[in-house]
2 protein chains.
Amino acid sequence: MYTVKEAARRTGLTEHAIRFYTDKGLVPSVQRDEHNVRMFDEQSIDWLYGIRCLKQSGMSIETMKTYVDLCLEGEATVARRSAIMLELKQQAIAELEEANRRIAHLEEKTALYEAILEQRSLDTTNPGTWERLRKFHGDVFYAPAPVSGQGSSSELKKIKS
Amino acid sequence: MYTVKEAARRTGLTEHAIRFYTDKGLVPSVQRDEHNVRMFDEQSIDWLYGIRCLKQSGMSIETMKTYVDLCLEGEATVARRSAIMLELKQQAIAELEEANRRIAHLEEKTALYEAILEQRSLDTTNPGTWERLRKFHGDVFYAPAPVSGQGSSSELKKIKS
DNA sequence: GGCTTGCCTTCGTGTTACACGAAGGTCTTA
DNA sequence: TAAGACCTTCGTGTAACACGAAGGCAAGCC
């Protein structure tokens, strides 16, 4: 039987996290001794490993609770658990796509900054100067179509050089 | 000049978010009228668009504040702003890799579940039953090395097939 | 004048998954 | 008997808002 500290050492989780998980009911086999101290047996350690794994998969605590409860019900719930994992995978794929969009977006911006630094372009990344720039290329900074264009300035050429 | 509601309509942000951003100092050009009501001019709308864009890039509010302040200082800060964007891109790339890891991980799990559902494998996804399974293949569920290794994974081939 | 409607304000709580510290209890050891 | 090490619970803080409450203000309507 292990204390929180030992369980932390064995699982790689922090003591705080382990208390948090046990309090959330994610470690069904955990017991308390006569001084109300959490005691972990091998099965509890297994559960903690499982939790850590689910966390790595991006599962929320709430879903973990559902998942754990389904596990306790036994093999009859395999299909439902499978569905949870599939949904999680869909979510991960969505995050992947989001990350890809961000990178593409940031790629543009960093390229733009590079151009500015090399004096090849105007500074369109500062919203404070858009009024001056709007009529030329006011939509480099942000992805969707910006405000309806008005505003003018002729000192731009000076910067362009 | 626009109210919060109109600014929300024009920028696609919620009214709550707009109040939040203005209170954080991310919209330097915003004013208040005689009744303490926020008033947005075209430049304020530009700033809001910029904020929305930065948010889409995954930038934190704190960093946005830094970024906005740098913008206000003018073109002398282009290099520092560029550095912020580069860092953000690195972060996005890291998130991308994390998402890829998750998907690979979940791919295994969903495949395993499929195998279980097709009666081709034991249920190794339930930590509550690992005691029974540990001697067979206790490390399918979680990614890193599990409990101090006893048990072999020689039965894995049967599942993989 | 008074009421309703609609917009605005500030303030305060809830969210997620813990991190962190405080205050206090218990056991062991010097 | 006191220190040290460990545990407990409780409470606050985090990020980026969402949401609702309570209240102010102006305009329109009867």
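Heavy atoms only: backbone and side chains are in, while hydrogens, waters and symmetry mates are out. Convention: sequence-line order gives letters A, B, ...; per-chain numbering from 1.
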Self-check item: Glu15(B) CD to dC19(D) P, straight-line distance once rounded to whole Å
Solution: 12 Å
Practice problem: Nearest 0.5 Å please: distance from the CG atom of Leu86(A) over to the NZ atom of Lys109(B). | Solution: 12.5 Å
Quiz item: Can a side chain N or O of Arg52(B) be found less than 4.0 Å away from OP1 or OP2 on dC17(D)?
Solution: no
Self-check item: Backbone N/O of Leu13(B) and side chain of Arg52(B): donor-acceptor pair under 3.5 Å
Solution: no
Exercise. Find the distance between CH2 (Trp47(A)) and CG (Leu54(A)) and round it off to the nearest 0.5 Å.
Key: 9.5 Å
Quiz item: Closer to the 5' end of DNA chain D via nearest nucleotide, is it Met59(B) or His16(B)?
Solution: Met59(B)
Practice problem: Would you kindly give the CD-to-P distance between Gln56(A) and dA17(C), to the nearest whole Å? | Solution: 15 Å
Quiz item: What integer distance in Å separates Asn36(A):CG from dC10(D):P?
Solution: 10 Å
Quiz item: When you check the phosphate oxygens OP1 and OP2 of dT10(C), does a side-chain N or O of Arg19(B) lie under 4.0 Å from one of them?
Solution: no
Quiz prompt | Atom pair distance, as rounded to whole Å: CZ in Phe40(A) and C1' in dC7(D) | solution = 12 Å
Practice problem: Verify the contact: side-chain N or O of Ser60(A) to OP1 or OP2 of dT16(C), cut-off strictly under 4.0 Å; return yes or no. | Solution: no
Quiz prompt | Separation of atom CZ in Phe20(B) from atom C1' in dT14(D), rounded to whole Å | solution = 12 Å
Quiz item: Is the distance from OP1 or OP2 of dC18(C) to the nearest side-chain N or O of Thr14(A) less than 4.0 Å?
Solution: no
Quiz item: For the side chain of Glu62(B), counting heavy atoms from C-beta on, which of dA15(D), dT16(C), dC7(D) is nearest?
Solution: dA15(D)
Quiz item: If you check the Thr3(B) side chain, which of dC8(C), dC6(D), dC18(C) turns out closest?
Solution: dC8(C)
Practice problem: Determine whether the side chains of Arg38(B) and Thr22(B) contain a donor N or O and an acceptor N or O closer than 3.5 Å. | Solution: yes
Quiz item: Rounded to whole angstrom units, what separation is found between the NZ atom of Lys5(B) and the C1' atom of dG6(C)?
Solution: 8 Å
Quiz item: So what does Glu6(B) hit on the nucleic acid, given a heavy-atom distance under 4.0 Å: a base, only sugar-phosphate, or nothing?
Solution: nothing
Quiz item: Is the phosphate of dG24(D), meaning OP1 or OP2, less than 4.0 Å from a side-chain N or O of His35(B)?
Solution: no
Quiz item: Side-chain N or O of Lys24(A) less than 4.0 angstrom from OP1 or OP2 on dC18(C)?
Solution: no
Quiz prompt | Residue-phosphate contact under 4.0 Å: Tyr21(A) side-chain N/O, dC18(C) OP1/OP2 | solution = yes
Quiz item: Below 4.0 angstrom from OP1 or OP2 of dT10(C), is there any side-chain N or O of Arg38(B)?
Solution: yes
Practice problem: Report yes or no: does Thr110(B) contribute a side-chain atom to a donor-acceptor pair with the main-chain N or O of Leu106(B) at less than 3.5 Å? | Solution: yes
Quiz item: Tell me: CG of Asp33(B) to C1' of dC8(C), nearest whole Å?
Solution: 9 Å
Exercise. Measure from CD1 on Ile18(A) to P on dC20(C) and round the result to the nearest Å.
Key: 15 Å
